[in-house]
Amino acid sequence: MQKITRRHVIATVSSSAVLLCPALLNAQTDIDTEWAEIPDDRPIGETNLINIDAGPAQVDVSELQPGEVAVIARPTTDEAYSGTGMIQYVAVHRRTADQIAFGEANDREDPLQNPEYFVVNLVCTHRGKAIGITGNPDAPFACTDRGDRHASVFDASGFGVSGASEDEYLSVPDYTLTSADGSVVVQLA
């Protein structure tokens, strides 16, 4: 079993009041400028990724602190990931109390296995490009393709609040989250 350590933390998404106005989100998240030269086939922070083999896997995420995000990368043959170089990137975001409350009001209809841990695929619903972690608590996820017809931004529940994926949720991987004896383990199918 792989274990996420402090070096795997890609970003800390601190709590704040969550804003849902796309104009405010775009004003607070200057990713169009900051991400102008990044590749659109992988999330930022690839040196911090936890790389696992294809197929079922278990990853211990116990070390994540509230607000922190880590990303698991594994090869796949699923064509849905052709835009990310046939790599499935899965974010594990341990939510803060404010983010849990926001999620309770805004998560998709199917409840999360544990509202403290938000597990989501980092592939854009628009064209399958990689989703990056912005570090902005109001808009922690954004498509790395910042072109005029792309530029999707997602809130803390994975809901598209602006760009080409507006009003769509990021996909959720097939996973199980277990917690026992102080360990929290994500098992990917």
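One is the number of the first residue; the rest follow in order along the sequence.
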Inset, instruction - Mark yes when over 12 heavy atoms from residues, nucleotides or ligands other than Asp78 sit less than 6.0 Å from its CG; otherwise mark no. - result: yes
Legend entry - Heavy-atom pair of closest approach, residues Ala54 and Pro75: CB-O, 3.5 Å
Legend entry - Asp181 side chain to Ser183 backbone, donor-acceptor under 3.5 Å: no
Inset, instruction - To the nearest 0.5 Å, tell me how far Gln88 CD sits from Asn121 CG. - result: 5.0 Å
Legend entry - For Arg74, the option from Leu188, Ile87, Leu49 that meets side chain to side chain contact (heavy atoms under 4.5 Å, CB included): Leu188
Inset, instruction - Classify the ring geometry between Phe141 and Phe118 as parallel (under 30°), tilted (30 to 60°) or perpendicular (over 60°). - result: tilted
Legend entry - Min side-chain heavy-atom separation Phe102-Asp107 under 4.5 Å: no
Legend entry - Any Val123 side-chain heavy atom under 4.5 Å of Tyr81 side chain: yes
Legend entry - Test item: Thr144 side-chain N/O and Ala130 main-chain N/O as donor-acceptor pair under 3.5 Å: yes
Inset, instruction - For Ser171 and Val120, work out which heavy atoms get closest and say how close. - result: O-CG2, 3.1 Å
Inset, instruction - Before giving the answer on side chain to side chain donor-acceptor pair (under 3.5 Å), spell out for His8 and Glu63 the whole-Å C-alpha distance, their side-chain angles and the decisive distance to 0.1 Å. - result: CA-CA 10 Å; His8 294 114; Glu63 293 293 318; over 6 Å; no
Legend entry - Test item: Asp155 side-chain N/O and Ala139 main-chain N/O as donor-acceptor pair under 3.5 Å: no
Inset, instruction - Working to the nearest 0.5 Å, report the span between CD of Gln2 and CD1 of Ile50. - result: 4.5 Å
Legend entry - Closest heavy-atom pair and its distance - Arg95, Ile100: CB-CG1, 3.7 Å
Inset, instruction - Examine the side chains of Thr125 and Glu168 and answer whether a donor and an acceptor come within less than 3.5 Å of each other. - result: yes
Inset, instruction - Please tell me if the side chains of Met1 and Val185 come closer than 4.5 Å, counting only heavy atoms from C-beta onward. - result: yes
Legend entry - Approximate separation, where rounding is to 0.5 Å, of Phe154 CZ and Ile131 CD1: 4.5 Å
Legend entry - Modelled atom types, side-chain donor and acceptor of Thr96 and Asp98, under 3.5 Å: no
Legend entry - Nearest-0.5 Å distance, CD of residue Glu116 to CZ of residue Arg94: 4.5 Å
Inset, instruction - Please examine the side chains of Leu122 and Ile133, heavy atoms only from C-beta on, and report whether any two atoms are closer than 4.5 Å. - result: yes
Legend entry - Which atom of Leu64 lies closest to which atom of Ala70, heavy atoms considered: CD2-CB, 3.9 Å
Legend entry - Pairwise side-chain contact, His126 with Cys143, heavy-atom cut-off 4.5 Å (strictly under): no
Inset, instruction - Establish whether Val184 and Val172 are linked, either directly or via other cluster members, by ILVMFWY side-chain heavy-atom contacts under 4.5 Å. - result: yes
Legend entry - Considering all heavy atoms, the nearest Arg108-Leu170 contact: NH1-O, 2.7 Å
Legend entry - Rounded distance (nearest 0.5 Å) linking atom OG1 of Thr178 with atom CG of Asp60: 9.0 Å
Legend entry - Donor + acceptor pair across side chains of Glu79, Ser82 (<3.5 Å): no
Inset, instruction - Quick one: closest heavy-atom pair of Leu177 and Val186, and the distance? - result: CD1-CG2, 3.3 Å
Legend entry - Spacing of Glu104 atom CD and Ser157 atom OG [to the nearest 0.5 Å]: 12.5 Å
